[in-house]
> 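Input: one structure, supplied below.
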Amino acid sequence: MEFVSGYRDEFLDFTALLFGWFRKFVAERGAVETSLVGHWRQLEAQIRRLPQDPALWVLHVLPNRSVGISLGQGAEPGPGPGLGAGWLLGDQPPLHLRDLSPYVSFVSLEEGEEGEEEEEEEEEENGEEEGAGNEKVEPEEDGEPVHTSRESPPEANLPGQPEEAEQKEGGGENGYQEERAEEETGPKRRKGRRSEAAPLHLACLLLVTDEHGTILGIDLLMGGAQRSVGKGSWTENMAPRAYALLCHSMACPMGSGDPRKPRQLTVGDAQLHRELEILVPRLGVKLAKTPMRTWGPQPGFTFASLRARTCHVCHKHSFEVKLTPCPQCSAVLYCGEACLRADWRRCPEDVSHRFWCPRLAAFMERTGELATLPFTYTAEVTSETFNKEAFLASRGLTRGYWTQISMLIPGPGTPRHPRGSTPSPSLLLNGDPYQLLQGDGPVLMPPVPADPPRGLFGSWQDYYTWRGLSLDSPMAVLLTYPLTVYYVITHLVPQSFPELNIQNKQSLKIHVVEAGKEFDLVMVFWELLVLLPHVALELQFVGDGLPPESDQQHFTLQRDGPEVSVRPGSGVSARLSSGTKEKGGRRDLQIKVSARPYHLLQGPKPDLVIGFNSGFGLKDTWLSSLPRLQSLRVPAFFTESSEYSCVMDEQTMAVAAGGGTSPPQPNPFRSPFRLRAADNCMPWYCNAFIFHLIYKPSQGSGARGAPGPGPPAPTPAAPAAPARRRRGEKKPGRGPRRRR
């Protein structure tokens with residue numbers, strides 16, 4: 001697939017943006033630093049003429065002592081092409097964070113420190129010199145080491161004299177490689193017998209943001225391998241490094257907007273604040289009187305999810321080049337005529353922009369239709385500049401299932417629920433099935449109505465009205481999954497497969513294929529018991545992306561009783577209270593997990609198959625799973641995040657199984673959050689469109705009718721007759737012939 005918007009983990013796009021900007025910063029900083037000091041004066045003069053940003057800017061100094069970076073096979077050390085930048089910015093970037101695990105992973109540096117105390121004592125005498133690149137260190141009165149280059153701010157090395165300081169620091173473009181060479185040849189390296197696979201230490205992160213959380217610049221100060229943690233090698237000459245970062249952030253802001261300078265700047269480190277008091281006024285920027293005392297200047301501070309756009313062909317970011325959409329379809333972004341012409345003439349023809357341009361123009365016409373939703377926040381969340389992280393933080397949606405749709409990820413050693421573990425009974429507090437759907441503010445889900453729904457819901461507004469939800473509630477973002485299943489059962493299957501009479505069935509077995517995020521949000525499917533109170537449902541989540549330890553797990557969500565119990569050998573039985581006395585028979589929700597591709601699943605035939613945002617063309621297992629569905633011939637419905645994805649799914653279905661797909665239609669229960677695309681302007685929404693598979697006719701069907709029974713098995717030949725009988729003459733025998 002040409003476009004992977006909506007399928008790629010947002011954190012990977014964010015990381016690619018950081019590495020892309022950092023790589024450009026390192027290259028340009030090296031070019032300026034090796035030039036004359038006059039070039040810095042010219043740059044300062046240009047920044048002084050920039051327009052002023054009314055927002056406060058913050059220079060964060062974030063030291064890191066506990067998390068290291070481990071590079072696997074094929075990963076190159078250093079801040080340039082290494083640290084995963086090659087995989088993040090290439091033509092075939094990874095789609096999930098776990099795809100980087102063979103190459104880059106985060107490890108805890110605190111583990112094993114006790115076993116290294118003896119070696120550190122042996123290195124104590126000259127350890128500071130080795131960690132700082134053989135620079136002399138003098139103790140302060142309080143006993144803490146301080147480098148002579150930082151004794152007084154006026155004597156700090158200016159950016160015009162950087163190369164020597166850069167090499168001392170060990171944090172420049174080639175700083176890690178030089179330090180590593182010194183370690184391998186030095187006596188301490190041989191004495192300690194360190195493994196070359198020791199994790200890298202990102203000693204400090206310099207981060208420039210505005211007061212709203214938009215990231216404007218970043219610098220990584222590498223501290224070498226694990227043994228240099230706490231040595232302080234990254235602390236010397238930080239003022240010139242930070243000053244260069246501020247200049248580049250103003251001239252080329254990472255987040256968004258034109259070059260600009262802040263009205264005021266505050267710094268998160270007291271010593272660095274004192275050293276910048278002389279340098280920052282050269283830019284026409286006012287420095288706050290005192291350093292910032294807390295990590296963020298505002299209680300609601302959060303990193304903005306706005307990301308720079310990229311060229312569809314060369315992948316350059318908008319802070320490097322000016323991007324413009326195709327003048328005909330307005331769907332694809334290019335950095336110039338050369339990339340547009342190259343994409344227009346690509347071979348084979350069916351992958352060229354010449355072939356796709358009219359189709360993409362038709363897809364763009366659906367933008368207004370997909371943004372037509374009844375919520376009070378619709379205009380904000382359907383905008384191309386939608387800041388999802390700020391929206392979630394402003395409403396207190398920072399815990400529970402809301403973290404699953406956020407860009408935030410858990411750090412090393414942080415337990416994550418429910419991915420990778422059975423839903424813990426302790427997390428089902430008081431038997432409340434909606435606990436993980438709540439935020440930090442007021443209760444989001446009202447009590448279940450006493451009476452079941454009398455009609456069928458076909459829109460968010462109808463469902464919200466019956467459920468007692470305010471149109472200002474963001475619950476539609478999580479409930480899009482169970483409501484889509486409900487819409488398929490009550491509307492689409494009766495329309496497309498009326499012979500199944502699915503609405504009159506008292507039990508349904510549903511397979512959720514290639515499940516991932518849906519299993520992370522498993523408790524949202526409790527809402528199906530509220531919408532279909534007299535149907536016993538069994539949901540089986542299938543996919544090789546599920547955690548292997550969850551394979552073959554089985555637990556039941558029951559509607560009566562608030563207690564939670566664990567049955568050994570059969571998974572978890574969670575008895576959850578719906579808050580009302582149910583009329584009629586009790587119905588349960590069975591949850592099963594099979595961590596394997598769908599074509600390897602063994603078991604009874606389901607009544608219905610559903611897949612969410614499937615992306616047939618992005619995973620090779622679909623080439624085997626689609627023929628498996630063809631052989632089962634069960635109703636199979638799939639959602640996609642754009643019309644483009646639906647077209648690609650139809651092509652994959654034709655190749656894999658010889659069938660097709662129904663015309664996609666907008667899903668009325670799609671998520672209201674617009675997914676931001678990096679290299680295109682098409683509208684992407686989770687579960688935006690829905691279609692079903694059209695299977696290839698079985699052999700012998702069609703005009704010839706259904707095939708009859710096969711011919712009987714051959715019988716042994718009778719002995720030859722002495723003479724040939726005439727026509728009409730009966731064969732002599734002992735009685736009536738017995739049919740085999």
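Both backbone and side-chain heavy atoms feed into the values below; hydrogens, waters and symmetry mates do not. Positions are given from 1 along the sequence. Computed from a predicted model, the values in this text were never measured in an experiment.
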> Going by atom types only, do Glu389 and Ser406 share a side-chain donor-acceptor pair under 3.5 Å?
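Judged by distance alone, the side chains do pair up.
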
> Could you tell me if the side chain of Phe391 sits less than 4.5 Å from the side chain of Asn387, heavy atoms only?
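A side-chain contact under 4.5 Å is absent here.
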
> Trp622 and Val513: which non-hydrogen atoms are nearest, and at how many Å?
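Looks like CH2-CG2, 3.7 Å.
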
> Taking side chain to side chain contact (heavy atoms under 4.5 Å, CB included) as the definition, give me every residue that meets it alongside Ala55, ordered by chain and number, with sequence neighbours left out.
Asp53, Asp210, Glu211, His212

> Does the side chain of Pro474 reach to within under 4.5 Å of the side chain of Arg395, using non-hydrogen atoms?
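Side-chain contact under 4.5 Å: yes.
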
> With sequence neighbours left out, what residues match Asp620 under side chain to side chain contact (heavy atoms under 4.5 Å, CB included)?
none

> Could you pull out all donor-acceptor pairs under 3.5 Å where a side-chain atom in residues 492-500 meets a protein atom, sequence neighbours excluded?
unit_1 : atom_1 : unit_2 : atom_2 : d
Ser496 : OG     : Leu492 : O      : 3.3

> Can you give me the closest heavy-atom contact between Phe673 and Leu392, atom names plus distance?
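What the structure gives for the nearest pair is CE2-CD2, 4.2 Å.
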
> Using ring-ring contact (aromatic ring centres under 6.0 Å, His included) as the criterion, list what pairs up with Tyr334, not counting sequence neighbours.
His353

> Applying salt bridge (Lys or Arg N to Asp or Glu O under 4.0 Å), can you list everything that pairs with Asp462, at least two apart in sequence or on another chain?
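Asp462 satisfies salt bridge (Lys or Arg N to Asp or Glu O under 4.0 Å) with no residue once adjacent residues are dropped.
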
> Sort and list the pairs that fulfil side-chain hydrogen bond (donor to acceptor under 3.5 Å, both in side chains) and have at least one residue in residues 652-675, not counting sequence neighbours.
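Of all non-adjacent pairs touching residues 652-675, those that pass side-chain hydrogen bond (donor to acceptor under 3.5 Å, both in side chains) are Thr484-Asn667.
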
> Mind checking what makes ring-ring contact (aromatic ring centres under 6.0 Å, His included) contact with His248, not counting sequence neighbours?
Trp21, Phe25

> With ring centroids as reference points, do Phe616 and Phe638 lie under 6.0 angstrom apart?
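Close enough - the centres of the two rings lie under 6.0 Å apart.
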
> Just checking, is any N or O donor in the side chain of Ser641 or Asn613 under 3.5 Å from an acceptor N or O on the other one?
no

> Output every pair passing side-chain hydrogen bond (donor to acceptor under 3.5 Å, both in side chains) with a member in residues 361-375, not counting sequence neighbours, ordered by first then second residue.
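Qualifying pairs: Arg366-Glu369.
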
> Looking at side-chain heavy atoms only, is the closest gap between Tyr481 and Val522 below 4.5 Å?
no

> Less than 4.5 Å apart, side chain to side chain, heavy atoms only: is that true for Tyr598 and Thr621?
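The answer is no, as the side chains (C-beta and beyond) never meet within the 4.5 Å cut-off.
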
> Going through the checks in order, is the side chain to side chain contact (heavy atoms under 4.5 Å, CB included) test met by Met653 and Tyr695?
CA-CA 9 Å; Met653 177 63 182; Tyr695 299 119; 4.0 Å; yes

> Compare all side-chain heavy atoms of Thr382 with those of Pro672 and state whether any distance is below 4.5 angstrom.
no

> Under the rule for ring-ring contact (aromatic ring centres under 6.0 Å, His included), what residues qualify as partners of Phe689, not counting sequence neighbours?
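Phe689 satisfies ring-ring contact (aromatic ring centres under 6.0 Å, His included) with no other residue.
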
> Taking side chain as C-beta onward, heavy atoms only, is Arg467 less than 4.5 Å from Pro446?
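SC-SC contact between Arg467 and Pro446 confirmed.
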
> Using a strict 4.0 Å threshold on nitrogen-to-oxygen distance, state whether Glu514 and Lys619 make a salt bridge.
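Yes, this pair counts.
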
> Could you tell me whether the side chain of Gln328 reaches within less than 4.5 Å of the side chain of Pro358, counting heavy atoms only?
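They are not in contact (no side-chain heavy atoms under 4.5 Å apart), so the answer is no.
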
> For Lys261, give me all partners under salt bridge (Lys or Arg N to Asp or Glu O under 4.0 Å), at least two apart in sequence or on another chain.
none

> Under the salt bridge (Lys or Arg N to Asp or Glu O under 4.0 Å) rule, collect the residues that match up with Arg346, sequence neighbours excluded.
Glu2, Asp343

> What residues form a side chain to side chain contact (heavy atoms under 4.5 Å, CB included) with Gln651, not counting sequence neighbours?
Trp356, Arg359, Val647, Met648

> Ring-plane angle category for Phe637 and His692, please: parallel below 30°, perpendicular beyond 60°, tilted otherwise.
tilted

> So, do Pro453 and Tyr463 sit near enough that their side-chain heavy atoms are less than 4.5 Å apart?
no

> In terms of ring plane angle, is the pair Phe669 and Trp460 parallel, tilted or perpendicular, where the classes change at 30° and 60°?
perpendicular

> Which pair of non-hydrogen atoms, one from Thr403 and one from Thr398, has the smallest distance, and what is that distance?
CG2-O, 3.5 Å

